[in-house]
Student: 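Before anything else, here's the structure in question.
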Protein chains: 2
Amino acid sequence: MTTASTGAPLWLTDEEQCVWRAYLHATTLLEDHLDRQLQADAGMPHIYYGLLVQLSQAPRRQMRMTELAKDAKITRSRLSHAVARLEKNGWVRREDCPSDKRGQNAVLTDEGYEMLRRSAPGHVKAVRQAMFDRLTPEQVRSLGEIMKILAAGLQPEGADADLPWLR
Amino acid sequence: MTTASTGAPLWLTDEEQCVWRAYLHATTLLEDHLDRQLQADAGMPHIYYGLLVQLSQAPRRQMRMTELAKDAKITRSRLSHAVARLEKNGWVRREDCPSDKRGQNAVLTDEGYEMLRRSAPGHVKAVRQAMFDRLTPEQVRSLGEIMKILAAGLQPEGADADLPWLR
DNA sequence: GACCTTTTCTTGAAAGTTGAACTAGATAGA
DNA sequence: TCTATCTAGTTCAACTTTCAAGAAAAGGTC
């Protein structure tokens, strides 16, 4: 069965349905797993941890809010709330941006860095156990290729600059 | 650098880091995309839609709460809230389970089925455009294989019965 | 400069999620 | 039977996310 105009099939094939289900199951299970792991070991959800990692890798361990939101693929609103929470924990602080009075820099504090240093090994281990230990090198390569294609297709237009693997 | 005891590397390799980043980006972008698509076209988040789909495929379009939660990979608590909301929309209703007085059956209503029938084509199209149209048949096959491995590794012990692809 | 548009970031309320505590019914063993 | 334990499902409070609205500064254009 296809649409009259485009000829694109209306439904997924049996194989596609099966792949889609497996994709949904694997991704939700993995995200839940890492959320629980980090909640237990670092006291925050996975996405918050990811923000700290981003900051830790930025020059001077700081980033403009919008840039951080873009890199983490979340809305500015969500980031505002998240940074407020991380600020309460003492892991991040805000600083006014000198060159743009509207701007704010999120800065990873020493406590934040210390926390990251302590919890990183456990997190890496969890990721490794859940993903890389279970796949062959060929599968890892293939997974990377596929995920880059999917991400590129979903990226807002003109956002190539945010796809480091294309640089 | 490896742990003394197991010899497992503490950090991800460059390639693994790159694959991991791509995985996180692709999965969050895709989930956001489908959430917005379904919120706009069906008035509910992706996971709620998935619950209705599950029900629609079950015998008599109904399922025990726990079974539904297991299949959808969510907690019973989350499902309770979700069904309460879907009930308000008139898409699901609860019925006492005749054989177990503790139990409840979530039943897809005719309105719910109708809603699903209307919004399914748009959703399938979104999934197709985001994933299957962008991958070669070989990549689809490979993705399915990889996701099944990951899901199997994260499944709670003894839950093989919930992996339909292993039957 | 005055005006309009855009960008940056925050806020508040509504919706959704989590984990723990709880009720009620099933199950199994003495 | 009596009792302890387990299972099904809900509820509450704390937390997170979303969307719409808004304040403040920047950038253009006349």
Side-chain angles (χ1 to χ4, degrees), chain A residues 28-29 31-52 62-89 92-107 156 158-159, chain B residues 28-29 31-40 42-51 62-89 92-107 156 158-159:
Chain A
T28 62
L29 285 170
E31 187 56 18
D32 279 12
H33 180 66
L34 295 182
D35 262 339
R36 282 173 224 283
Q37 183 262 314
L38 281 169
Q39 195 69 59
D41 297 354
M44 65 190 137
H46 187 200
I47 183 109
Y48 287 28
Y49 181 89
L51 296 175
L52 299 188
Q62 58 181 266
M63 269 194 211
R64 285 291 294 273
M65 294 291 280
T66 295
E67 190 193 358
L68 182 51
K70 241 180 237 168
D71 283 9
K73 274 88 179 107
I74 62 176
T75 61
R76 285 195 305 272
S77 169
R78 188 175 175 183
L79 180 62
S80 268
H81 289 295
V83 167
R85 198 271 220 186
L86 293 170
E87 214 171 7
K88 261 188 212 159
N89 285 287
V92 167
R93 78 171 172 279
R94 285 180 228 238
E95 277 179 11
D96 291 341
C97 173
S99 58
D100 185 336
K101 286 185 185 168
R102 295 167 304 179
Q104 294 270 284
N105 282 312
V107 187
Chain B
T28 62
L29 285 170
E31 186 57 17
D32 278 12
H33 181 66
L34 294 182
D35 261 339
R36 280 172 222 284
Q37 183 262 315
L38 282 169
Q39 196 69 58
M44 64 189 136
H46 186 200
I47 183 104
Y48 286 29
Y49 181 89
L51 296 175
Q62 57 181 264
M63 271 193 210
R64 285 290 295 272
M65 295 291 280
T66 295
E67 191 193 357
L68 183 51
K70 240 179 238 168
D71 283 10
K73 273 84 179 119
I74 62 178
T75 60
R76 287 195 305 274
S77 169
R78 189 174 174 184
L79 180 61
S80 269
H81 291 292
V83 167
R85 198 271 220 186
L86 293 170
E87 213 171 8
K88 261 188 213 159
N89 285 286
V92 167
R93 75 170 173 280
R94 285 179 227 239
E95 278 181 11
D96 292 340
C97 174
S99 58
D100 185 337
K101 287 183 185 170
R102 296 167 303 179
Q104 294 271 284
N105 282 311
V107 187

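Predicted model only: the values in this text are computed from it and were never measured. Numbers restart at 1 for each chain; the letters A, B, ... are given by sequence-line order, proteins then strands.
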Student: Output yes when at least one side-chain N/O atom of A:R85 is less than 4.0 Å from OP1 or OP2 of D:dT16, else no.
Tutor: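 Looking at the OP1 and OP2 atoms of D:dT16, one of them is under 4.0 Å from a side-chain N or O of A:R85.
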Student: Taking CD from A:E95 and P from C:dC9, how many angstroms apart are they, rounded to a whole number?
Tutor: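 Rounded to the whole Å, the gap is 14 Å.
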Student: What's the verdict on side chain to side chain contact (heavy atoms under 4.5 Å, CB included) for B:M63 and B:N105, showing C-alpha distance, side-chain angles and the deciding distance?
Tutor: CA-CA 5 Å; B:M63 271 193 210; B:N105 282 311; 5.7 Å; no
Student: So A:L29 and A:H33, do their side chains get closer than 4.5 Å, heavy atoms only?
Tutor: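 Not in contact.
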Student: A:S77 side chain: which of D:dT16, C:dG16, C:dT10 is closest?
Tutor: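 Closest nucleotide to the A:S77 side chain: C:dT10.
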Student: Any side-chain to backbone donor/acceptor pair from A:E87 onto A:R94? Under 3.5 Å, distance only.
Tutor: yes
Student: A:M65 side chain: which of D:dT10, C:dT17, C:dC9 is closest?
Tutor: C:dC9
Student: Using atom CG of A:D32 as one end and atom C1' of C:dG19 as the other, report the distance to the nearest whole Å.
Tutor: 13 Å
Student: From the set C:dT18, C:dA26, D:dA25, return the single nucleotide nearest to any side-chain atom of A:D100.
Tutor: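 When the side chain of A:D100 is considered, D:dA25 is the closest of C:dT18, C:dA26, D:dA25.
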Student: With respect to the phosphate group of D:dC19, does any side-chain polar atom (N or O) of A:T75 fall under 4.0 Å of OP1 or OP2?
Tutor: no
Student: Going by modelled atom types, is there a donor-acceptor pair between the base of C:dC9 and the side chain of A:H81 at under 3.5 Å?
Tutor: no
Student: Picking from D:dT16, C:dT10, D:dG9, which would you name as closest to the side chain of B:Q104?
Tutor: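 Output: D:dG9.
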Student: Take atom OH of A:Y49 and atom P of D:dT16, then tell me their distance rounded to the nearest Å.
Tutor: 17 Å
Student: Select one nucleotide: of D:dG9, C:dA26, D:dC19, the one nearest the side-chain heavy atoms of B:K101.
Tutor: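 The listed nucleotide nearest to B:K101's side chain is C:dA26.
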Student: In whole Å, what is the span from the CG atom of B:L38 to the P atom of D:dT18?
Tutor: 15 Å
Student: Main chain of A:H46, side chain of A:D35: is a donor-acceptor contact present, judged purely on distance under 3.5 Å?
Tutor: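 Checking the backbone N and O of A:H46 against the side chain of A:D35, a donor-acceptor pair under 3.5 Å is found.
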Student: Atom CD of A:E31 to atom P of D:dT17: distance rounded to whole Å?
Tutor: 10 Å
Student: Enumerate the protein-to-nucleotides 4-7 of chain C contacts in which both atoms are nitrogen or oxygen and the separation is below 3.5 Å.
Tutor:
unit_1	atom_1	unit_2	atom_2	d
C:dT7	O2	A:R102	NH1	2.5

Student: Starting at the 5' end of DNA chain C, which residue's closest nucleotide do you reach first, A:C97 or B:I47?
Tutor: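 Between the two, 5'-proximity favours A:C97.
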Student: Take the protein atom OH of B:Y48 and the nucleotide atom P of D:dT18, then report the distance between them rounded to whole Å.
Tutor: 13 Å
Student: Starting at CD of B:Q39 and ending at P of C:dA15, how long is that distance when rounded to a whole Å?
Tutor: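 From B:Q39 CD to C:dA15 P: 10 Å.
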Student: Any side-chain heavy atom of B:L86 within less than 4.5 Å of one from B:M44?
Tutor: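 Yes - at least one pair of side-chain heavy atoms lies under 4.5 Å apart.
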Student: How close do A:A72 and A:I47 get, heavy atom to heavy atom, and via which atoms?
Tutor: O-CD1, 4.4 Å
Student: If you only use heavy atoms from C-beta on, which nucleotide in D:dT18, D:dT11, D:dT17 is closest to the side chain of B:S80?
Tutor: D:dT11
Student: Which nucleotide, C:dT8, C:dG19, D:dT18, lies nearest any side-chain atom of A:R78?
Tutor: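 Looking only at heavy atoms from C-beta outward on A:R78, the closest nucleotide is D:dT18.
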Student: Could you tell me the separation between the NE2 atom of B:H46 and the P atom of C:dG16, rounded to a whole number of Å?
Tutor: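 It works out to 15 Å between those atoms.
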